[in-house]
Amino acid sequence: EWKVGGENIPLAPGNIESISIMQNMQNISGVAEFSILDTANKFENGIFSDQAPVELALGPAFNGQTPTPQSFRLFNIQDVYPTTGGTSIKFTAIYNSPELFRKPMAKAYKGTSANALETMAKEVGVAFETTGTADSMTWMPNNRPFGQAMRKIADHGSSGGTSAMHLTMGTTGDGQWKLMYKDVMKQLQSEGKA
């Protein structure tokens with residue numbers, strides 16, 4: 001099931017051309033790309049507006065439980081054109097955390113980079129997971145949006161002499177999106193993990 005702009009979008013054979021949900025070390029946020037056929041003419045009602053909420057739950061319902069819902073915001077309509085079956089719409093959506101992209105870093109944070117990033121993540125309502133760091137200092141404000149400011153902090157973070165810290169957003173086994181701040185070198189050295 002899924003909704004755009006708070007309205008249910010009917011699911012039927014042939015009206016979803018593709019849905020790609022991407023997790024990538026280079027992205028500070030989760031990204032989803034949709035290619036759909038709007039058979040119910042919802043596009044004409046204006047629900048596909050910039051920043052419209054996009055909610056979806058994909059996958060089989062095991063033991064009567066629905067899959068974990070995922071929440072995004074419409075970011076960019078790439079293409080719209082009429083067809084005999086409805087309106088073809090291609091659009092991109094990003095993880096639903098507007099403050100991650102809009103709220104400026106306007107104060108300093110004391111502690112390790114992991115502590116600073118965890119505090120910042122809580123302030124914008126994003127789950128956070130880390131392997132920890134050993135780089136205690138005062139992280140000065142730079143008036144960039146939180147997502148950019150957090151990436152700058154992560155670029156200067158360290159957990160030791162051979163660490164390579166990286167901040168990205170993704171999901172783990174529970175299906176919930178979270179910011180993950182990990183030592184890539186430690187991850188590469190651990191057996192059986194990508």
Side-chain angles (χ1 to χ4, degrees), residues 1-106 117 120-129 143-151 167-180:
E1 90 179 34
W2 69 301
K3 296 178 180 180
V4 175
E7 290 193 34
N8 285 320
I9 303 295
L11 295 176
N15 71 340
I16 295 181
E17 295 173 4
S18 68
I19 298 175
S20 300
I21 299 175
M22 292 162 279
Q23 300 176 54
N24 177 318
M25 281 184 66
Q26 303 307 317
N27 292 347
I28 194 67
S29 176
V31 177
E33 290 186 352
F34 297 83
S35 181
I36 66 165
L37 186 62
D38 177 18
T39 56
N41 295 320
K42 299 281 187 178
F43 185 78
E44 292 177 8
N45 297 339
I47 65 168
F48 287 87
S49 62
D50 190 36
Q51 295 295 314
V54 178
E55 298 172 23
L56 71 151
L58 295 174
F62 289 112
N63 299 327
Q65 295 186 358
T66 58
T68 303
Q70 299 188 42
S71 183
F72 296 90
R73 289 270 175 178
L74 196 142
F75 180 70
N76 180 28
I77 294 179
Q78 299 164 341
D79 199 9
V80 178
Y81 58 89
T83 71
T84 55
T87 304
S88 178
I89 309 168
K90 292 182 181 177
F91 66 95
T92 302
I94 57 174
Y95 175 74
N96 187 15
S97 180
E99 285 193 321
L100 188 63
F101 299 99
R102 303 276 190 251
K103 181 177 180 176
M105 181 186 179
L117 294 175
M120 293 172 78
K122 285 180 183 174
E123 287 181 20
V124 295
V126 177
F128 186 78
E129 183 179 298
N143 289 321
R144 295 174 188 247
F146 261 40
Q148 291 177 23
M150 292 169 93
R151 180 58 63 84
L167 177 69
T168 191
M169 182 176 274
T171 61
T172 53
D174 60 5
Q176 296 297 313
W177 289 92
K178 62 187 81 168
L179 282 169
M180 294 180 276

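Under a 3.5 Å cut-off, the side chain of Q23 and the backbone N or O of T171 do form a donor-acceptor pair. The closest donor-acceptor contact from the side chain of R151 to the backbone of L167 lies under 3.5 Å.
When all heavy atoms of I47 and V4 are compared, the pair lying nearest together is CD1-O, 3.5 Å. L74 and V54 make their closest contact through N-CG2, 4.0 Å (heavy atoms, listed as atom of the first residue, atom of the second, distance). Listed here is the closest heavy atom pair of T92 and V31: CG2-CG1, 3.8 Å. Nearest heavy-atom pair, M120 versus A149, reported as atom, atom and distance to 0.1 Å: CE-CB, 4.2 Å. Shown here for I28 and G147, the closest heavy-atom pair between the two residues is CG1-O, 4.0 Å. Contact between P104 and N143 at its shortest, heavy atoms only, is CB-O, 3.9 Å.
When side chains are defined from C-beta on, I21 counts as touching W177, because their heavy atoms get closer than 4.5 Å. Side-chain contact between I94 and F101 is present, with at least one heavy-atom pair separated by less than 4.5 Å. T87 places none of its side-chain heavy atoms less than 4.5 Å from the side chain of F48.
Screening residues 36-45 for side-chain hydrogen bond (donor to acceptor under 3.5 Å, both in side chains), with sequence neighbours left out, gives E7-K42. For residues 70-97, the set of pairs meeting the salt bridge (Lys or Arg N to Asp or Glu O under 4.0 Å) definition, not counting sequence neighbours, is empty.
Classified by interplanar angle (parallel below 30°, tilted 30° to 60°, perpendicular above 60°), the ring pair F34/F91 is parallel.
If you take CG on L179 and CE on M169, they are separated by 4.0 Å, rounding to the nearest 0.5 Å. E33 contributes atom CD, which lies 5.5 Å from atom CD of Q78 (distance to the nearest 0.5 angstrom). To the nearest 0.5 Å, atoms CG (L56) and CD1 (I16) are separated by 8.5 Å. To the nearest 0.5 Å, atom CG of residue N96 and atom OG of residue S29 are 9.5 Å apart. Atoms OG and CZ, on S97 and F72 in that order, are 12.5 Å from each other to the nearest 0.5 Å. To the nearest 0.5 Å, the span separating CD on Q148 from CE on M105 amounts to 12.5 Å.
Take E17 and apply the side-chain hydrogen bond (donor to acceptor under 3.5 Å, both in side chains) test, not counting sequence neighbours, and it matches S35.
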side-chain contact (heavy atoms from CB on, under 4.5 Å) evaluation trace for V126 with F146: CA-CA 11 Å; V126 177; F146 261 40; over 6 Å; no
